[in-house]
Student: 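First, the structure itself, so that you have it in front of you.
The basis for the numbers below is simple: all heavy atoms, side chains too, and nothing from hydrogens, waters or symmetry mates. Reminder, nothing fancy here: chain letters follow the sequence lines and each chain counts from 1.
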2 protein chains.
Amino acid sequence: MKPRQLYEARAKVAKAVAHPSRLIILDALADKEMCVCDLTDLVGADQSTVSKHLAVLKNAGIVADRKEGVMIYYRLKVGCLKGFWHCIEGVLKQNLKEQQAIMGSS
Amino acid sequence: MKPRQLYEARAKVAKAVAHPSRLIILDALADKEMCVCDLTDLVGADQSTVSKHLAVLKNAGIVADRKEGVMIYYRLKVGCLKGFWHCIEGVLKQNLKEQQAIMGSS
DNA sequence: TGGCTCTATGGCAATTATACCATCGATTGG
DNA sequence: CCAATCGATGGTATAATTGCCATAGAGCCA
């Protein structure tokens with residue numbers, strides 16, 4: 001087994017991704033960088049809430065920000081998230097398939 | 001933007017992975033199936049705690065279990081986790097590199 | 001059957017996460 | 001300079017997560 005510290009580090013990154021609002025943000029940032037105001041509209045939560053979500057992502061090293069005048073633009077720093085979603089999507093599809101199998105057999 | 005429901009479903013899977021003990025479990029299951037007792041020793045927590053962690057992973061569709069006598073063996077149901085870790089590991093390495101850059105420049 | 005081992009579950013306390021409000025600092029435009 | 005906008009932070013209430021204890025159920029063996 002690897003050192004516990006590694007698992008905690010991994011968990012921190014995984015935890016940063018494990019929230020619907022943050023997933024929305026990451027999905028949006030996959031295409032282009034966006035300012036906090038845009039992301040706030042997109043997520044549909046309070047600006048301060050979105051700001052805190054962004055802080056979590058930044059702290060985990062998943063996004064980076066850039067200041068331009070009053071605005072702060074966030075962008076993805078990680079390129080492998082697509083594979084991430086693909087993996088998760090696979091789990092979801094499999095779960096769905098199993099659910100349907102259960103329903104069908106009743 | 002995709003339906004909010006999708007992000008919630010994704011988040012559930014991501015959340016299931018986002019805990020050190022569960023990461024230890026998943027890492028161990030990558031090689032072979034293991035019974036709860038083995039995993040309990042490995043994680044080093046109370047048996048009931050490990051049992052609940054396993055329930056979380058099972059509920060998310062990441063692991064499956066098999067009963068054999070008194071023992072219950074858990075196994076990975078998802079094959080793409082290796083890419084998962086690789087992606088996270090990349091983030092961690094990058095974070096480390098940036099930390100070192102900061103230390104070096106002082 | 002009785003006792004033992006292996007797991008799962010209910011209960012509970014402590015910690016952590018989340019969301020909103022209020023507010024502050026920074027920047028820009030008038 | 002003043003007002004307005006953008007984003008971050010402190011405070012606080014609520015919800016979710018986590019861990020352990022106690023205990024229940026299931027299977028095995030003497």
Student: Does some side-chain heavy atom of A/Leu6 sit less than 4.5 Å from a side-chain heavy atom of B/Leu92?
Tutor: yes
Student: Quick check on the hydrophobic clustering: are B/Trp85 and A/Ile62 connected, directly or via other members, by side-chain heavy-atom contacts under 4.5 Å?
Tutor: yes
Student: Reading DNA chain D 5' to 3', which nucleotide is the first, and which the last, to come under 4.0 Å of any heavy atom in chain A?
Tutor: D/dT5 to D/dG11
Student: Keeping A/Arg4 on the side-chain end and B/Val43 on the backbone end, is there a donor-acceptor pair under 3.5 Å?
Tutor: yes
Student: Is the phosphate of C/dA8, meaning OP1 or OP2, less than 4.0 Å from a side-chain N or O of B/Tyr74?
Tutor: yes
Student: Do any pairs count as a side chain to side chain donor-acceptor pair (under 3.5 Å) and have a residue in residues 22-36 of chain A, sequence neighbours left out, and if so which ones?
Tutor: A/Arg22-A/His53, A/Asp27-B/Lys2, A/Asp27-B/Tyr7, A/Glu33-A/Arg66
Student: Got a sec? Which of residues 31-58 of chain B come in under 4.0 Å of DNA chain C, heavy atoms?
Tutor: B/Cys35, B/Val36, B/Cys37, B/Gln47, B/Ser48, B/Ser51, B/Lys52
Student: A/Val63, A/Leu42: one ILVMFWY side-chain cluster at the under-4.5 Å cut-off?
Tutor: yes
Student: Which pairs pass disulfide (SG to SG under 2.5 Å) with one or both residues in residues 40-74 of chain A, sequence neighbours excluded?
Tutor: none
Student: Looking at five pairs on each end of the helix from C/dT1-D/dA30 to C/dG30-D/dC1, what is the angle between the two axes, given to 10 degrees?
Tutor: 20°
Student: OP1 or OP2 of C/dA19 versus the side-chain N and O atoms of A/His19: is any pair under 4.0 Å?
Tutor: yes
Student: Okay, side chain of B/Thr40, backbone of B/Val36: is any donor-acceptor separation there less than 3.5 Å?
Tutor: yes
Student: Would you mind building the protein contact string for nucleotides 24-30 of chain C? One character per nucleotide, 5' to 3', B for base within reach (heavy atoms under 4.0 Å), S for sugar-phosphate only, - for untouched.
Tutor: --SSS--
